[in-house]
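This report refers to the structure that appears directly beneath it.
Model, not experiment: these values are computed from the prediction.
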Amino acid sequence: MKKMIRRFLFISILWLCFDTLCSSACLDEVKTFYRGYMMNFLTVDSNNDSLCKKFLTEGLIAKTKRMSNATGVNPIIRSQDVNEDAIKTLAVKRVADDWYMVSYLWNEKDSTTLTEIPLKAQSIDGKCKIVYITPIENGSQWGDEMLSGCECMNEAKTNETSGQSFIESFYKIYLSTYCAISKDINTQLSSLRLSNLSPAALQQFKQAESEHQEDGFYGYDLLINNFDFDCMWYKSLKFNQISDDNYQITYQAGATIHKINIKIKYQNGKYLINSISF
């Protein structure tokens with residue numbers, strides 16, 4: 001019995017040490033990334049492309065571009081620039097399994113200039129990768145529970161039993177694609193639109209997208225009235241039937257409530273989104 005207890009304790013300590021080493025390694029990797037990223041802002045390499053490819057997943061790289069277009073702020077540092085005080089005061093601490101808090105002071109002598117950036121980093125194929133960064137709209141919120149509820153539904157099909165069930169099922173599938181943070185998100189979203197929007201709605205979507213591109217902002221999505229949708233906003237998603245064919249979809253991103261008015265039609269045994277407005 002004593003031998004079994006000693007063996008159990010040995011295995012437990014071994015796993016604890018392994019977990020600590022992995023967490024410590026990821027913490028060091030996150031700090032290495034942020035220090036390099038911020039220092040590059042003071043040189044000509046302000047894009048940091050190679051550094052992002054090394055430390056961020058491909059899906060998150062694409063997401064940060066959408067997040068930037070949505071807020072006008074670099075989501076990795078929550079700023080449009082850096083200074084020497086920010087680099088000097090840069091700190092990273094582990095707050096939970098796979099979760100880290102990055103922080104820095106814009107003015108090292110002023111605690112009110114503190115910026116905090118929660119993120120999630122994991123070991124993927126033996127390498128530490130940042131897989132998620134909390135959007136600026138959600139402040140310092142973090143935790144797996146904040147990301148729950150928006151399950152991947154790539155293989156799911158829309159429910160055609162009623163207009164209400166169609167709208168709800170379509171949006172849940174559509175938004176879960178954003179939540180998955182995959183590298184081929186544009187292809188997946190385009191396929192969903194082609195299958196569930198009428199030619200008129202597709203033209204509306206294309207026109208709105210082109211208008212934003214003319215201003216230099218790529219990736220605008222008329223169906224969410226935004227450039228990106230985040231897992232943290234999924235629980236705020238609501239559906240309201242206005243009339244027989246008209247529905248209003250709302251969700252909250254930080255303090256902002258987005259409202260999208262959808263009109264549907266029933267054609268050849270299938271529901272289609274026929275109009276999108278605000």
Side-chain angles (χ1 to χ4, degrees), residues 21-143 146-147 178 181-183 185 216-219 227-228 230-232 254:
L21 286 171
C22 287
S23 299
S24 176
C26 231
L27 186 149
D28 291 340
E29 293 286 333
V30 171
K31 190 164 186 177
T32 296
F33 166 71
Y34 265 86
R35 182 169 295 279
Y37 191 92
M38 294 170 76
M39 288 181 69
N40 283 344
F41 262 86
L42 301 180
T43 67
V44 294
D45 185 21
S46 60
N47 290 323
N48 278 298
D49 290 341
S50 60
L51 205 60
C52 286
K53 288 179 182 178
K54 182 178 179 180
F55 289 97
L56 274 62
T57 61
E58 291 184 71
L60 184 59
I61 291 173
K63 180 177 173 66
T64 56
K65 294 176 181 178
R66 298 193 301 272
M67 294 167 74
S68 180
N69 283 334
T71 64
V73 173
N74 184 322
I76 294 175
I77 56 174
R78 293 194 174 182
S79 176
Q80 295 178 330
D81 202 357
V82 298
N83 62 16
E84 291 184 359
D85 277 8
I87 297 173
K88 184 178 178 181
T89 59
L90 174 68
V92 180
K93 66 178 180 179
R94 184 191 180 207
V95 292
D97 289 345
D98 300 331
W99 283 92
Y100 301 85
M101 185 69 75
V102 177
S103 64
Y104 64 86
L105 293 169
W106 188 260
N107 182 345
E108 66 171 327
K109 296 180 181 179
D110 185 355
S111 61
T112 64
T113 64
L114 177 69
T115 294
E116 291 186 315
I117 309 154
L119 60 81
K120 186 172 183 177
Q122 295 175 318
S123 178
I124 300 176
D125 297 329
K127 296 180 179 179
C128 180
K129 291 276 189 176
I130 299 173
V131 299
Y132 177 82
I133 298 174
T134 296
I136 193 170
E137 294 94 330
N138 284 75
S140 298
Q141 296 180 1
W142 58 269
M146 299 294 298
L147 308 183
Y178 275 103
I181 317 182
S182 61
K183 63 180 180 180
I185 182 174
F217 297 101
Y218 290 80
F227 291 86
D228 188 44
D230 194 85
C231 314
M232 286 193 176

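One N or O on the side chain of Thr134 and one on the backbone of Gln141 form a donor-acceptor pair closer than 3.5 Å. In terms of modelled atom types and a separation under 3.5 Å, the side chain of Ser68 and the main chain of Thr64 share no donor-acceptor contact. Without hydrogens or angle criteria, Asn69 side chain to Tyr218 main chain gives a donor-acceptor distance under 3.5 Å. Checking side-chain atoms of Tyr37 against main-chain N and O of Cys52 turns up no donor-acceptor pair under 3.5 Å.
Classification of the Tyr132-Trp99 ring pair by plane angle, with boundaries at 30° and 60°, yields perpendicular.
The line from NZ of Lys129 to OG1 of Thr57 is 7.5 Å long, rounded to the nearest 0.5 Å. Between the CG atom of Asp28 and the CZ atom of Arg35 there is a distance of 11.5 Å, given to the nearest 0.5 Å. Rounded to the nearest 0.5 Å, atoms CE (Met101) and NZ (Lys93) are 6.5 Å apart. A distance of 4.0 Å separates CG in Asn40 from CG in Asn48, rounded to the nearest 0.5 Å. Here CD1 of Ile133 is found 5.0 Å from CG of Leu60. Values are rounded to the nearest 0.5 Å.
Applying the disulfide (SG to SG under 2.5 Å) definition to pairs two or more places apart or across chains, none involves residues 82-121. Legend: side-chain hydrogen bond (donor to acceptor under 3.5 Å, both in side chains) pairs involving residues 104-118, not counting sequence neighbours, sorted by first then second residue: Lys88-Glu108, Asp110-Thr112, Glu116-Ser140. Residue pairs meeting the salt bridge (Lys or Arg N to Asp or Glu O under 4.0 Å) criterion with at least one partner in residues 63-75, sequence neighbours excluded, are Lys63-Asp228, Lys63-Asp230, Arg66-Asp228.
Here the shortest heavy-atom pairing between Ser79 and Val73 reads N-CG1, 3.2 Å. In terms of heavy-atom proximity, Thr71 sits nearest to Glu137 at CG2-OE2, 3.4 Å. Taking all atoms of both residues into account, the shortest heavy-atom contact from Ser103 to Leu114 is CB-CD1, 3.9 Å. Nearest heavy-atom pair across Trp142 and Ala96 is CZ3-CB, 3.5 Å. Nearest heavy-atom pair, Arg78 versus Pro118, reported as atom, atom and distance to 0.1 Å: NH2-CD, 3.7 Å. In plain terms, the two heavy atoms of Cys128 and Glu29 that are nearest each other are CB-CG, 3.7 Å.
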Atom pairs and distances, side-chain donor-acceptor, residues 119-127, under 3.5 Å, sequence neighbours left out:
{"from": "Lys120", "atom 1": "NZ", "to": "Asp144", "atom 2": "OD1", "distance (Å)": "2.8"}

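For the pair Tyr100/Ile130, no side-chain contact is recorded, criterion being any heavy-atom separation below 4.5 Å from C-beta on. Asp85 has its side chain out of reach of Leu105: every pair of non-hydrogen atoms, C-beta onward, lies at least 4.5 Å apart. At a threshold of 4.5 Å between non-hydrogen side-chain atoms, the residues Leu56 and Ile76 count as touching. Inter-residue side-chain proximity for Ile181 and Val131 is flagged as unmet; no heavy-atom pair is nearer than 4.5 Å. Side-chain atoms of Leu42 and Ile87, non-hydrogen and from C-beta on, do get closer than 4.5 Å to each other.
Other residues, nucleotides and ligands contribute at most 12 non-hydrogen atoms within 6.0 Å of the CE atom of Met39.
For Glu84, the side-chain hydrogen bond (donor to acceptor under 3.5 Å, both in side chains) test picks out no residue, with sequence neighbours left out. Glu58 is linked by a side-chain hydrogen bond (donor to acceptor under 3.5 Å, both in side chains) to nothing, counting only residues two or more places apart in sequence or in another chain.
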